[in-house]
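These numbers come from the heavy atoms of this one structure, side chains and all, not from hydrogens, waters or symmetry mates. Counting starts at 1 for both ligands and their atoms, in listed order.
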Amino acid sequence: MEKTLIILKPDAVKRRIIGKIIERIEDKGLNIIAMKMTKLKREEAEEFYKEHKGKEFYEGLINFMTSDRIVAMVVEGENCIEVVRKMIGKTNPLEADPGTIRGDFALKLPENVIHASDSKESAKREIKFFFEEIE
Ligand code: CMP
């Protein structure tokens, strides 16, 4: 069964909306098979977002992602990578449709509430990053 990695970002934790977001994921029929709350160290955030190094938003992104705790989870379900990407909406909350998680809960970048793997390859890498024990 396909798996994807989801992160509820520091803004979601600070605003106490993680329960609402988790509810949407479960309501959709997806299974959460691993979950942890953690605070990313700077080096960890830099490793996770290394593909964005050098971009103008990189420093702000690292500062944001290390500003508070996050919740990382592995979600399983048929075509879950595509399903979850549809549910979260476009990266920029301004462009995310109402009804999507970012469209309903976020206002501006980089505080877009949630991250989800965008391909099978990134799901594999990102799941390993947080949950070494999961295949
Ligand atoms: P995500 O797509 O989960 O992973 C990369 C993150 O970088 C993205 O969510 C936003 O949080 C942030 N990001 C992407 N583009 C911009 C931008 N133009 N300005 C600020 N932050 C951004």
Side-chain angles (χ1 to χ4, degrees):
M1 186 68 81
E2 193 167 275
K3 295 182 186 63
T4 190
L5 182 95
I6 293 179
I7 301 175
L8 306 182
K9 298 185 180 185
D11 51 339
V13 174
K14 269 199 196 80
R15 290 168 53 203
R16 298 189 287 263
I17 55 173
I18 60 175
K20 286 183 182 165
I21 301 173
I22 291 168
E23 188 172 19
R24 287 194 181 203
I25 293 164
E26 293 194 320
D27 282 352
K28 184 70 182 171
L30 298 165
N31 287 319
I32 297 169
I33 62 163
M35 176 156 66
K36 70 177 163 200
M37 183 175 268
T38 183
K39 189 163 189 286
L40 286 176
K41 296 189 176 73
R42 200 163 184 88
E43 312 79 74
E44 291 171 327
E46 286 173 353
E47 172 60 25
F48 189 83
Y49 284 114
K50 62 184 177 194
E51 66 179 280
H52 296 298
K53 199 173 165 92
K55 295 186 181 162
E56 38 87 25
F57 62 81
Y58 178 75
E59 274 306 310
L61 172 62
I62 300 298
N63 289 339
F64 165 52
M65 288 303 294
T66 54
S67 67
D68 209 326
R69 291 159 295 155
I70 59 158
V71 175
M73 65 183 105
V74 179
V75 164
E76 191 176 66
E78 213 168 299
N79 300 312
C80 67
I81 296 174
E82 193 183 343
V83 167
V84 172
R85 292 288 292 190
K86 284 211 171 105
M87 287 175 70
I88 74 175
K90 295 216 176 113
T91 303
N92 188 342
L94 199 56
E95 292 166 8
D97 290 330
T100 64
I101 293 171
R102 287 164 172 166
D104 289 351
F105 292 108
L107 201 55
K108 61 167 178 62
L109 284 170
E111 294 95 353
N112 61 356
V113 171
I114 186 166
H115 166 88
S117 311
D118 63 1
S119 66
K120 283 190 168 51
E121 297 67 45
S122 22
K124 199 167 174 206
R125 177 180 91 83
E126 293 175 2
I127 289 169
K128 270 272 160 294
F129 186 91
F130 285 101
F131 302 93
E132 222 177 311
E133 68 281 12
I134 293 181
E135 257 321 298

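- Atom OG in Ser122 sits 7.0 Å away from atom NE2 in His115 (nearest 0.5 Å).
- When heavy-atom distances to ligand 1 are checked against a 4.0 Å cut-off, Phe64 has no atom that comes that close, whether in backbone or side chain.
- Residue contacts with ligand 1, taken as heavy atom pairs separated by less than 4.0 Å, involve Lys9 solely via side-chain atoms from C-beta onward.
- Among all non-hydrogen protein atoms, the one lying nearest atom 21 (N) of ligand 1 is Pro110 CB, 3.4 Å.
- Those atoms of ligand 1 that come under 4.0 Å of a heavy atom in His115, given as number and element, are 1 (P), 3 (O), 4 (O).
- Residue nearest to atom 17 (C) of ligand 1, selected from Phe57, Tyr49, Tyr58: Phe57 (by heavy-atom distance).
- Those atoms of ligand 1 that come under 4.0 Å of a heavy atom in Leu61, given as number and element, are 6 (C), 7 (O), 11 (O), 12 (C).
- When heavy-atom distances to ligand 1 are checked against a 4.0 Å cut-off, Glu111 has no atom that comes that close, whether in backbone or side chain.
- Taking the ring-ring contact (aromatic ring centres under 6.0 Å, His included) definition, one finds that Phe130 meets it with Phe48, sequence neighbours left out.
- The distance from atom CD1 of Ile114 to atom CZ of Arg24, rounded to the nearest 0.5 Å, is 9.5 Å.
- Using a 4.0 Å heavy-atom cutoff, Glu51 is absent from the residues neighbouring ligand 1.
- A distance of 5.0 Å separates OG1 in Thr91 from CZ in Arg102, rounded to the nearest 0.5 Å.
- Between Glu133 and Lys128 there is no salt bridge, since no side-chain N of the basic residue sits under 4.0 Å from a carboxylate O of the acidic one.
- Salt-bridge check for Glu82 with Lys86: passed, with a basic side-chain N closer than 4.0 Å to an acidic carboxylate O.
- Here Arg85 has no heavy atoms under 4.0 Å from ligand 1, in either its backbone or its side chain.
- The pair Glu23-Lys20 fails the salt-bridge criterion, with no side-chain N (NZ, NE, NH1 or NH2) lying under 4.0 Å from an Asp/Glu carboxylate O.
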